Amino acid sequence: KQLYRAPLDALEAWTTARADKIFVNSRFTESVVRDTFPGVGECEVLYPSLNTTKFAEQRAAPELEKLFSANKSVFLSLNRYERKKDVGLALEGFSYIKQHTQDTCHLVIAGGYDSRVTENVEYHLELEKLAVHLQVQDHVTFLRSVPDATKHYILHNSTALIYTPSNEHFGIVPVESMYCRTPVVAVNTGGPVESVRDHVTGFLCEPEREKFGAAMLEFVLDEGLKVRMGGEGRKRVEECFSFEAFTEKLNCTVEEMCKT
C-alpha cells in the first residue's frame, strides 16, 4: 500500500504547492495542511457559513416537548455515533452535575446513525451501557438520525450544547448552536477554539469529566447564563459565520488576487 500511495502522495503534494491560494476552514486545518504539505504556499482561512433560513422550521414529538417542560436544564450532545466523537464525555460530565445538584436535569444524545454501519450500532450500545454504569440512564434520552426540524427544535430549546470531539477541523454544530442562541461547552482543541469565545458564548474545557461537568453546572446554578451567552453567540455567528461574511471574505480575496 505504501508503494502504491507514494507516487500519488508526491503528486498531490506537488500540485497543492502550485496553488496560488489555498482556502482552509480554520487555523487548525491550516496547521494540518502545512504539516502534511511542508512546501505549501499561502493559506487563508475562510470559515464555513450557515443556511440560516432552515432553522425557522422546528418540529418535535409530544414526548420531546414534555421532556423539555419537565426539566429545568436539558443538555444536548449532537454528533454521529462514532467513537472518535467521544460522546461518553458528555455522559461523564452529566453524571458530575447529577452528583452536585438536586435540580431536574436531562441529557439528550442525538446524532447520525446507520444500522448498516457496525461502529454506529456498537457505539450506541456502549453509550447506553455507560449511562447505566454511571446511574444516569433514567435522565438520558438517545435519539438516532433525527429529522432536521426536530434537530432545530432541540438546538433552540436546550440549555447548552455539549460538544465533545477533539481536534475537529472546524465543527459546524457549535456554530449552529450559537445561531440558535444556545451556548456551547466544547473541548479546547481544533475548530471550536476559533468559533466559540470562552466564557462569552460558552466554555472551552479540557476533555475531562470534572472540567466538562463544572462548566455544565454553571448553567444549572445560573438560570440567566443561557440567555446572556446565547445572545452573544447569535451575534458572533452573524458577524463571523453568516453567508454575508463568507461571501465578503471570498470576494475580497479573489479581487486582491486578480490585482496581482
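Bear in mind that the values here come from a model prediction, so they are computed numbers and not experimental data.
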**Student:** Are V87 and L78 linked, directly or through other ILVMFWY residues, by side chains that come within less than 4.5 angstrom of each other?
**Tutor:** no

**Student:** Checking T15 side chain against L11 main chain: does a donor-acceptor pair fall under 3.5 Å?
**Tutor:** yes

**Student:** Looking only at heavy atoms, what is the nearest atom pair of P192 and A186, with distance?
**Tutor:** CB-CB, 3.9 Å

**Student:** Between F94 and F212, is a ring-ring contact (aromatic ring centres under 6.0 Å, His included) present by the stated rule, with each step listed?
**Tutor:** CA-CA 8 Å; F94 183 70; F212 261 70; over 10 Å; no

**Student:** How close do L161 and S177 get, counting heavy atoms only, and between which atoms?
**Tutor:** CB-OG, 3.4 Å

**Student:** Looking only at atom types and distance, does a side-chain atom of R234 sit under 3.5 Å from a main-chain N or O of Y179, one as donor and one as acceptor?
**Tutor:** yes

**Student:** Quick one, E126 with K129, criterion salt bridge (charged side-chain N to carboxylate O under 4.0 Å, His left out). Give me CA distance, side-chain angles, the key distance, then yes/no.
**Tutor:** CA-CA 5 Å; E126 290 170 15; K129 291 178 181 178; over 6 Å; no

**Student:** May I have the step-by-step check of salt bridge (charged side-chain N to carboxylate O under 4.0 Å, His left out) for R34 and E30, ending in yes or no?
**Tutor:** CA-CA 6 Å; R34 294 196 180 281; E30 180 181 1; 3.2 Å; yes

**Student:** To the nearest 0.5 Å, what is the distance between CG (L91) and CG (L130)?
**Tutor:** 5.0 Å

**Student:** Will you find, in the side chains of T29 and N25, an N or O donor that is under 3.5 Å from an N or O acceptor?
**Tutor:** yes

**Student:** Give a yes or no on whether Q99 atom CD has more than 12 heavy-atom contacts from other residues, nucleotides or ligands under 6.0 Å away.
**Tutor:** yes

**Student:** For T182 and K226, test the side chains for any donor-to-acceptor distance below 3.5 angstrom and give the result as yes or no.
**Tutor:** yes

**Student:** Taking the basic N atoms (NZ, or NE/NH1/NH2) and the acidic carboxylate oxygens, is any pair closer than 4.0 Å for R236 and E232?
**Tutor:** no

**Student:** Can the positive tip of R59 be found less than 6.0 Å from the middle of the six-membered ring of Y153, inside 45° of the ring normal?
**Tutor:** no

**Student:** How about NZ on K84, more than 12 heavy atoms from neighbouring residues, nucleotides or ligands closer than 6.0 Å, or not?
**Tutor:** no

**Student:** Is a side-chain donor or acceptor of H152 paired with a backbone partner of E57 at a separation under 3.5 angstrom?
**Tutor:** yes

**Student:** Could you go step by step and tell me if Y113 and H124 meet the ring-ring contact (aromatic ring centres under 6.0 Å, His included) rule?
**Tutor:** CA-CA 9 Å; Y113 179 94; H124 175 254; 5.7 Å; yes

**Student:** If two hydrophobic side chains count as joined below 4.5 Å and joins carry through other members, does V45 share a cluster with F243?
**Tutor:** no

**Student:** Minimum heavy-atom separation for C43 to V33, with atom names?
**Tutor:** SG-CG1, 4.4 Å

**Student:** Please assess E44 against I22 for the test side-chain contact (heavy atoms from CB on, under 4.5 Å), listing each intermediate value before the final yes or no.
**Tutor:** CA-CA 6 Å; E44 184 151 350; I22 297 174; over 6 Å; no

**Student:** Are more than 12 heavy atoms, taken from residues, nucleotides or ligands other than R27, located less than 6.0 Å from that residue's CZ atom?
**Tutor:** no

**Student:** Considering non-hydrogen atoms only, spot the tightest contact between K72 and T159 and give its length.
**Tutor:** O-OG1, 4.2 Å

**Student:** Please answer whether the main-chain N or O of D103 pairs with a side-chain N or O of T101 as donor and acceptor at a distance below 3.5 Å.
**Tutor:** yes

**Student:** Decide, yes or no, whether a salt bridge links K85 with E168 under the criterion of side-chain N to carboxylate O below 4.0 Å.
**Tutor:** yes

**Student:** Is L221 linked to L107 within one hydrophobic cluster, defined over Ile, Leu, Val, Met, Phe, Trp and Tyr using a side-chain heavy-atom separation of less than 4.5 Å?
**Tutor:** yes

**Student:** Would you tell me whether Y47 and E194 have side-chain atoms, one donor and one acceptor, within less than 3.5 Å of each other?
**Tutor:** yes

**Student:** Determine, step by step, whether S26 and H169 satisfy the side chain to side chain donor-acceptor pair (under 3.5 Å) criterion, reporting the C-alpha distance in whole Å, the side-chain angles of both residues, the deciding distance to 0.1 Å, and the verdict.
**Tutor:** CA-CA 7 Å; S26 67; H169 283 268; 5.6 Å; no

**Student:** How long is the straight-line distance from CE of M178 back to OG of S195, given to the nearest 0.5 Å?
**Tutor:** 4.5 Å

**Student:** For side-chain contact (heavy atoms from CB on, under 4.5 Å), just list the numbers for S49 and S242, CA-CA rounded to whole Å, side-chain angles, deciding distance to a tenth of an Å, and then say yes or no.
**Tutor:** CA-CA 5 Å; S49 66; S242 65; 6.0 Å; no

**Student:** Do Y163 and F203 have ring centres separated by under 6.0 Å?
**Tutor:** no

**Student:** State the OG1-CG distance between T141 and L64, to the nearest 0.5 angstrom.
**Tutor:** 7.5 Å

**Student:** Do side-chain atoms of S69 reach the backbone of K66 as a donor and acceptor pair under 3.5 angstrom?
**Tutor:** yes

**Student:** Step by step, work out the side-chain contact (heavy atoms from CB on, under 4.5 Å) result for V117 and Y81.
**Tutor:** CA-CA 10 Å; V117 178; Y81 281 92; over 6 Å; no

**Student:** Does one side chain, of Q135 or S95, offer a donor that lies under 3.5 Å from an acceptor on the other?
**Tutor:** no

**Student:** Compare all side-chain heavy atoms of L143 with those of I154 and state whether any distance is below 4.5 angstrom.
**Tutor:** yes

**Student:** Applying the side-chain contact (heavy atoms from CB on, under 4.5 Å) test to V187, which of V193, L89, N167 qualifies?
**Tutor:** L89

**Student:** Is it true that atom CD of E65 has more than 12 heavy atoms of other residues, nucleotides or ligands lying nearer than 6.0 Å?
**Tutor:** yes

**Student:** Is there a donor-acceptor contact under 3.5 Å from the side chain of H106 to the main chain of H139?
**Tutor:** yes

**Student:** For a side-chain contact (heavy atoms from CB on, under 4.5 Å) check, start with the C-alpha distance between F246 and L46, then their side-chain angles and the critical distance, and finish with the verdict.
**Tutor:** CA-CA 7 Å; F246 176 88; L46 182 64; 3.5 Å; yes

**Student:** Rounded to the nearest 0.5 Å, what separation is found between the CD atom of E92 and the OG1 atom of T164?
**Tutor:** 11.5 Å

**Student:** Taking the side chain from S73 and the backbone from V220, do they hold a donor-acceptor pair closer than 3.5 Å?
**Tutor:** no

**Student:** With the 4.5 Å side-chain cut-off for hydrophobic clustering, are V173 and Y123 part of the same group?
**Tutor:** no

**Student:** Can you confirm whether Q58 sits close enough to N157 that some side-chain heavy atom of one is under 4.5 Å from a side-chain heavy atom of the other?
**Tutor:** yes

**Student:** Which atoms form the tightest heavy-atom contact between V185 and A215, and what is the distance?
**Tutor:** CG1-CB, 3.9 Å

**Student:** For the residue pair N120 / E82, report whether a side-chain donor-acceptor contact shorter than 3.5 Å exists.
**Tutor:** no

**Student:** Is it the case that more than 12 heavy atoms not belonging to K54 sit under 6.0 Å from its NZ atom?
**Tutor:** yes

**Student:** I'd like to know if the side chain of N79 reaches the main chain of G111, judged simply by a donor and an acceptor atom lying under 3.5 Å from each other, with no hydrogens or angles considered.
**Tutor:** no

**Student:** Just wondering, more than 12 heavy atoms not from D20 lying within 6.0 Å of its CG?
**Tutor:** no

**Student:** Treating D222 as the side-chain partner and E218 as the backbone partner, does any N or O pair qualify as donor plus acceptor under 3.5 Å?
**Tutor:** no

**Student:** Can you name the nearest heavy-atom pair linking D114 to V121, along with the distance?
**Tutor:** O-CG2, 4.3 Å

**Student:** In this structure, are over 12 heavy atoms from other groups packed under 6.0 Å from K21 atom NZ?
**Tutor:** yes

**Student:** Calculate, to the nearest 0.5 Å, the distance between atoms CZ and OG belonging to F219 and S158 respectively.
**Tutor:** 11.5 Å

**Student:** Is L76 reachable from V184 through a run of I, L, V, M, F, W or Y residues, each pair having side-chain heavy atoms under 4.5 Å apart?
**Tutor:** yes

**Student:** Rounded at 0.5 Å granularity, tell me how far CD in E210 sits from NE2 in H100.
**Tutor:** 8.5 Å

**Student:** May I ask you to decide if E244's main-chain N or O and T247's side chain share a donor-acceptor pair within less than 3.5 Å?
**Tutor:** yes

**Student:** Taking C-beta and beyond as the side chain, do F23 and L250 meet within less than 4.5 Å on heavy atoms?
**Tutor:** yes

